[in-house]
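Encoded as structure tokens, the structure appears first; notes follow it.
Note: hydrogens, waters and symmetry copies are ignored here, and every other heavy atom, side chains too, is used. Note that the structure is a prediction, hence the values are computed from the model and not measured. Proteins come first, then strands; the chains are lettered A, B, ... in the order of their sequence lines, and each starts at number 1.
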Amino acid sequence: MNKTVFFGAMTAAVTLVAGAASATVLDEVKARGELNCGVSTGVNGFSAPDSAGEWQGFDVAVCRAVAAAVLGDPKKVKFVTTTGQTRFTALASGEIDMLARNTTWTLSRDADLKFTFAGVNYYDGQGFMINKAMGVSSAKELDGSTVCIQTGTTTELNLADYFKANNMTYEPVPIETNAEAQQQYLAGACDVYTTDASGLAATRATFADPENHALLPEIISKEPLGPLVAHGDDQWADIVRWTMNALVAAEELGITSANIEELSKGTANPEVDRMLGSSEDDLGAMFGLDKQWAKRAIAANGNYGEIFAANIGESTPIGLARGLNALWTQGGLQYSPPFR
Amino acid sequence: MAMTSEPSGSSFRLSMLIYDTRYRSITIQILFLFLFMAGFAWLVDNTLANLAQKGKDINFGFLGSRAGYDINQMLVNYTNDSSHARAWIVGLLNTLVLAVAACASATVIGVIAGVLRLSKSWIVSKIMTVYVEIFRNVPLLLWIIVIFAVLTEITPAPNAFRGENPTSSMFFFDSVAITNRGTYLPGALFDRSLGDINLGIVSVSTNYIVLIALIIASIWGYRALQRKAGVVQEATGVRPVTWWKSALILIAPTLIALLAMGFHLEYPELKGFNFQGGSYLRNSFIAMWLALTLYTGAFIAENVRAGILAISKGQTEAAFALGLRPNRTMNLVILPQALRVIIPPLISQYLNITKNTSLAIAVGYMDLRATLGGITLNQTGRELECMLLLMMTYLIVSLMISGAMNVYNNSVKLKER
């Protein structure tokens with residue numbers, strides 16, 4: 001009996017070692033035929049399953065674009081739900097290949113947790129949501145309030161700093177997921193719910209009475225959100241980074257899901273041709289992909305602007321304006337390095 | 001002995017380790033121990049090697065750095081400028097408070113339910129059976145969440161107490177407010193406080209130490225008085241009148257001390273967003289406490305029932321024959337003997353309660369698992385270190401509980417001479 005257990009342990013240990021023997025993430029994903037993408041447990045507009053059980057959203061679109069670029073099919077994604085607490089462990093352990101879960105880019109996450117941020121797909125900031133009946137018009141009036149907050153996020157630290165800097169006190173109610181926070185907030189167990197302003201807008205859109213809840217004007221932090229991968233495989237980080245850049249560049253160059261087939265037959269613009277693989281240059285080969293990788297990535301969900309409009313834009317219930325997330329040519333911050 | 005010396009030339013040979021029954025079992029045990037330790041060392045080495053490969057070291061230095069997050073329930077001073085180590089202590093104390101409160105109440109509930117389940121009254125024993133079976137057979141986490149949800153949904157928000165015609169009102173002459181955030185109770189205030197004693201990490205209020213010391217001294221004085229009365233009664237046959245003396249000894253010192261320290265109650269008042277002042281029991285704490293109490297109480301009830309049933313019927317009959325009433329039979333004859341059977345499984349129930357407090361994150365109670373194993377782990381990214389510390393802390397707490405309970409068990413168990 002004891003021996004059996006022992007040999008069992010030995011076998012398990014051997015398997016662990018074998019797993020650690022490193023192949024590149026790209027090879028693993030190709031061999032698996034599926035991209036493991038970490039998403040949230042459900043933030044409407046960013047990553048949430050629709051009525052048919054298909055994952056939809058702004059972050060989900062990044063996963064699908066990467067799957068299209070690498071595997072040739074945007075459907076070949078396995079979505080792994082992660083909470084604020086489990087996301088980094090899942091990524092560090094290799095359970096997921098990339099994390100697209102409105103995660104804030106910070107120095108310590110980059111350097112100490114050893115992750116590589118592939119860029120910023122949404123420039124956000126932390127805000128507060130409160131019931132209009134409370135008659136509060138500024139975050140400066142929140143002294144003594146009870147605040148619902150997701151644990152294990154940067155918002156938790158920003159909140160502590162903000163109240164300290166303004167010499168106010170508060171009572172934190174730590175919450176694990178957005179859905180729990182919503183329930184607590186609606187039940188009145190907390191006065192205020194704080195998270196990224198985009199998340200607040202997404203949450204408010206699912207309320208029965210969104211008009212009774214106000215977002216306070218103060219934005220108390222910078223929250224550059226973006227997808228990330230683990231340290232140690234620069235090729236994989238490059239693939240995710242340039243897939244995102246391709247989406248932004250596509251908007252800038254006017255490539256949309258409607259005209260991409262047309263444009264890929266060849267255009268007067270050499271950069272469009274390079275991106276869509278219709279010229280001699282083979283950019284994809286530089287990180288182990290084929291010529292058409294960017295074309296497939298863009299065709300999956302359209303360019304950055306199309307993804308934004310379809311999931312969280314002003315025509316959706318979430319109704320976010322482009323703001324900082326407009327292209328650099330239109331006064332925003334979204335900017336892609338050149339495809340050359 | 002002297003006649004049968006070892007046969008000459010049969011000095012120890014290596015093969016005897018396997019073929020000689022005197023040595024074989026030891027050989028196998030040593031070999032197995034060696035293999036086991038080698039395997040363990042290999043697993044540790046493998047972990048370290050894999051961590052090194054990912055560029056992660058094992059470093060506990062993060063404990064000294066600024067935590068940066070706030071904790072709602074604090075028994076010792078803590079701000080977001082305090083260190084992660086201090087957050088760990090705050091979490092540990094929250095865990096211990098919850099565990100101690102739940103152990104005490106679960107024991108009371110368990111003993112009552114266990115005794116009542118043996119009641120001759122059909123309805124009482126059936127009600128207790130239903131209680132035990134319902135709570136024992138549904139996972140604890142569900143009870144915690146259900147109780148928390150009920151507390152949150154059915155109680156009024158602080159807003160409901162506001163305005164000219166509030167929809168909710170406070171209880172007991174405006175001293176208790178039950179809201180969906182927690183229950184606010186009057187708190188003790190001392191106008192002429194004696195200050196705090198700083199014990200390094202914890203500072204303890206001198207007021208309470210003085211009060212507790214006075215109460216213990218009063219009880220000791222009361223006992224002495226009773227003993228003296230007993231001696232007089234033995235000698236003269238008349239028991240002296242002691243009631244006013246005992247009343248004086250029991251109540252007067254504490255009362256005088258309270259007056260001297262300027263004791264008064266502070267009532268919670270609705271100010272701003274929440275009630276301010278008084279003491280505050282958060283719903284997360286109440287939900288955890290209730291759920292742990294009711295859940296573990298059901299198990300303890302079964303232990304108590306088993307302990308009582310283990311005492312033979314003859315004991316009860318003998319006690320009845322001596323003229324003891326059923327109440328006294330239970331208290332003086334059955335329970336003291338049943339305790340010997342009840343205590344050992346009770347120890348493991350106490351350990352269960354302590355370990356089950358780690359479910360507290362489900363309702364946002366900031367226990368050890370939520371501070372060190374939750375926010376600290378997440379903000380520093382030191383999973384392995386935090387988990388090791390967490391396991392070590394729970395291990396030490398559990399060993400201390402079982403150690404203390406074993407001492408108690410030894411004092412009540414049957415002494416064989």
Side-chain angles (χ1 to χ4, degrees), chain A residues 2-3 6 9-10 12-13 16-17 19-20 22 84-89 92-93 108-109 112-115 131 133-134 136 141-149 151-154 156-157 159-161 163-164 169-176 180 183-184 187-192 230-232, chain B residues 32 35-36 39-40 42-43 46-47 49-50 53-56 62 66-73 79-81 148-149 151-153 155-160 179-182 271-274 276 280 282-284 361-366 370-371 373-383:
Chain A
N2 276 330
K3 273 187 182 154
F6 179 71
M10 290 278 277
L16 277 179
V17 174
S22 56
Q85 290 221 7
T86 60
R87 53 184 166 175
F88 296 130
T89 319
S93 67
S108 64
R109 285 173 177 174
D112 194 33
L113 298 188
K114 314 238 181 272
F115 296 128
N131 195 316
M134 302 293 275
V136 171
E141 298 165 22
L142 291 176
D143 193 12
S145 59
T146 304
V147 184
C148 273
I149 177 125
T151 74
T153 58
T154 48
E156 197 166 37
L157 306 180
L159 180 71
D161 288 352
F163 274 77
K164 187 180 152 78
T169 59
Y170 69 104
E171 156 107 12
V173 177
I175 306 273
E176 188 85 328
E180 273 176 63
Q183 184 218 338
Q184 293 282 306
C190 43
D191 301 306
V192 195
H231 262 193
Chain B
F32 185 76
L35 280 176
F36 176 78
F40 185 73
W42 189 59
L43 282 177
N46 187 29
T47 309
N50 277 332
Q53 195 191 357
K54 285 194 189 304
K56 290 196 160 193
F62 71 92
R66 180 177 181 267
Y69 61 91
D70 286 297
I71 299 177
N72 47 21
Q73 178 178 313
T79 66
N80 53 43
D81 285 329
F148 184 66
L151 286 175
T152 309
E153 297 290 342
T155 50
N159 249 346
T179 73
N180 62 356
R181 293 170 192 182
K271 277 187 201 152
F273 288 97
N274 285 312
Q276 309 281 339
Y280 177 28
R282 286 172 182 78
N283 271 346
S284 53
I361 187 64
V363 290
Y365 180 72
M366 298 301 279
T371 56
I375 304 178
T376 294
L377 181 154
N378 214 350
Q379 300 293 5
T380 61
R382 298 272 172 195
E383 300 96 353

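Only the backbone of B:A67 comes within contact range of chain A, with at least one heavy atom under 4.5 Å from a heavy atom of that chain. With a 4.5 Å cut-off on non-hydrogen atoms, B:I71 touches chain A through its backbone but not through its side chain. Both the backbone and the side chain of A:L142 come within contact range of chain B, judged by heavy atoms closer than 4.5 Å. Contacts of B:F148 with chain A are made by side-chain atoms alone, with heavy-atom separations under 4.5 Å and no backbone atom involved. For a residue to count as touching a neighbouring chain, one of its non-hydrogen atoms must lie under 4.5 Å from one of that chain's; by this rule A:Q184 touches chain B with the side chain only. B:A49 does not touch chain A: none of its heavy atoms, backbone or side chain, sits under 4.5 Å away. Of the two parts of A:Y170, only the side chain, counted from C-beta on, holds a non-hydrogen atom closer than 4.5 Å to a non-hydrogen atom of chain B.
Applying the side-chain hydrogen bond (donor to acceptor under 3.5 Å, both in side chains) test to A:T86 and every residue at least two apart in sequence or in another chain returns A:T83.
Closest heavy-atom contact between A:F88 and B:N378: CD1-OD1, 3.7 Å. Minimum heavy-atom separation, A:A160 to B:G68: CB-O, 3.3 Å.
Taking A:M134, A:E176, A:E180 one by one and counting their heavy-atom pairs under 4.5 Å with chain B, the maximum is reached by A:M134. By number of non-hydrogen pairs under 4.5 angstrom with chain B, the leading residue of A:A133, A:A230, A:S108, A:C190 is A:C190. Ranking B:T79, B:N80, B:T47, B:L377 against chain A, the residue ahead of the rest is B:N80, based on heavy-atom pairs under 4.5 Å. Of the listed residues (A:L113, A:V192, A:L159, A:I175), the greatest number of heavy-atom pairs within a distance under 4.5 Å of chain B belongs to A:L113.
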Intermediate values then yes/no, salt bridge (Lys or Arg N to Asp or Glu O under 4.0 Å), B:R181 and A:E171: CA-CA 10 Å; B:R181 293 170 192 182; A:E171 156 107 12; over 6 Å; no
Derivation of the side chain to side chain contact (heavy atoms under 4.5 Å, CB included) call for B:R382 and A:D112: CA-CA 9 Å; B:R382 298 272 172 195; A:D112 194 33; 3.7 Å; yes
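Residues A:K164 and B:D81 are in side-chain contact: their nearest non-hydrogen atoms beyond the backbone lie under 4.5 Å apart. Looking at B:N72 and A:P174, their side chains come closer than 4.5 Å, going by heavy atoms from C-beta outward.
Side chain of B:Q379 to main chain of A:T154: no donor-acceptor pair is present (N/O by atom type, distance under 3.5 Å, no hydrogens or angles). Using a distance-only test at 3.5 Å, with no hydrogens or angles considered, a donor-acceptor pair links the side chain of B:N180 to the main chain of A:A187.
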